[in-house]
Amino acid sequence: DGGITQSPKYLFRKEGQNVTLSCEQNLNHDAMYWYRQDPGQGLRLIYYSQIVNDFQKGDIAEGYSVSREKKESFPLTVTSAQKNPTAFYLCASQTTFLSNQPQHFGDGTRLSIL
Amino acid sequence: RKEVEQDPGPFNVPEGATVAFNCTYSNSASQSFFWYRQDCRKEPKLLMSVYSSGNEDGRFTAQLNRASQYISLLIRDSKLSDSATYLCVVNRANSGYALNFGKGTSLLVTP
């Protein structure tokens, strides 16, 4: 089945540790996005990429890094510089072949501090 | 002013009721509009796109008023399974294809 796969579903981070969240899609979408959602809050954009080997900062990029070496993959690293990483992380993808297209989401990764 | 604003609710309605949600957006250059549904502790899922002429999908009707910059969602004959948070979503006109998400309106349908 076509879709977006995020892993792991749950992740725990120790102080000073970097962790990487995986996002893979087989929808042949050019654009991919990372969002963070805190309890009772809306989605906030961390990073996005509209083409391989290129990405842009979103609204809250500090303490995060990404790469886009393959069209299918857009991993997010939460670095030790991110002091409040506990949140629900959502990856999305979108076709750019036509305008006005929605984004489709993976089922998310919940990150907590140990 | 926030990019996308919604009444957070909660809206508590009995089964079979009709309920309407509104949303306002700040960027008049926005061209893409959507309603997403998010269940508790799950990812958002596309409910429907919103077109200028208004559109309907079963019990759900979406309307767009560009002059007033607001979007509405009407749910008729509410079901228990409609209980969720409904997110209003608008494209960022100057950031490629990126989207702005409202914080959502919570709906609880009761027996």
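Just so we're on the same page: letters track the sequence lines, and every chain starts at 1.
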Shortest non-hydrogen pair, A:Thr96 vs A:Ala31, comes out as CG2-CB, 3.9 Å
Tabulate, in ascending numerical order, the residues of residues 104-111 of chain B having at least one heavy atom closer than 4.5 Å to a heavy atom of chain A, or enter 'none'.
none
Is any side-chain heavy atom of A:Lys9 closer than 4.5 Å to a side-chain heavy atom of A:Arg110?
no
Where along residues 87-95 of chain A does a heavy atom come under 4.5 Å of chain B, listed by residue number?
A:Phe88, A:Leu90, A:Gln94
Where on B:Leu46 is there a heavy atom nearer than 4.5 Å to chain A: the side chain, the backbone, both, or neither?
side chain
Between B:Glu56 (side chain only) and B:Arg59 (backbone N and O only), is there a donor and an acceptor less than 3.5 Å apart?
no
Test of understanding: with ring pair (Phe, Tyr, Trp, His ring centres under 6.0 Å), list the residues that count as partners of B:Phe101, not counting sequence neighbours.
A:Tyr35, A:Phe105, B:Tyr36
With only heavy atoms counted, which part of B:Gln38 is less than 4.5 Å from chain A, the side chain, the backbone, both or neither?
side chain
Hydrophobic cluster identity match, A:Leu111 and A:Tyr47, side-chain contacts under 4.5 Å:
yes
Is it the case that the side chain of B:Ser30 and the backbone of B:Asn91 share a donor-acceptor pair, with hydrogens and angles ignored and the cut-off at 3.5 Å?
yes
Would a distance-only check, ignoring hydrogens and angles, find a side-chain to backbone donor-acceptor pair under 3.5 Å from B:Arg92 to B:Ala98?
no
So, B:Arg66 side chain and B:Ser28 main chain: donor-acceptor pair closer than 3.5 Å or not?
no
Could you walk me through whether A:Arg44 and A:Asp38 pass salt bridge (Lys or Arg N to Asp or Glu O under 4.0 Å), step by step?
CA-CA 9 Å; A:Arg44 292 187 289 168; A:Asp38 293 278; 2.8 Å; yes
Output yes when a side-chain donor or acceptor of B:Thr24 lies under 3.5 Å from a complementary backbone atom of B:Tyr70, and no otherwise.
no
Most contacts with chain A, counted as non-hydrogen pairs under 4.5 angstrom, among B:Leu99, B:Asn100, B:Thr85
B:Leu99
Mind checking which of residues 67-79 of chain A sit less than 4.5 Å from chain B, heavy atom to heavy atom?
none
Main-chain N/O of B:Pro8 paired to B:Gln6 side chain as donor or acceptor, under 3.5 Å:
no
If you take all heavy atoms of B:Leu73 and B:Tyr86, which pair is closest and at what distance?
CD2-CD2, 3.9 Å
Between A:Pro102, A:Gly42, A:Gly108, the one whose heavy-atom pairs under 4.5 Å with chain B are most numerous
A:Pro102
Classify the angle between the aromatic ring planes of B:Phe21 and B:Trp35 as parallel (below 30°), tilted (30 to 60°) or perpendicular (above 60°).
tilted
Got a donor-acceptor contact below 3.5 angstrom from the B:Asp39 side chain to the B:Lys42 backbone?
no
I'd like to know whether CZ of B:Phe60 has more than 12 heavy-atom contacts from other residues, nucleotides or ligands below 6.0 angstrom.
yes
Which region of A:Gln6, side chain (C-beta onward) or backbone (N, CA, C, O), has a non-hydrogen atom less than 4.5 Å from a non-hydrogen atom of chain B, or is it both or neither?
neither
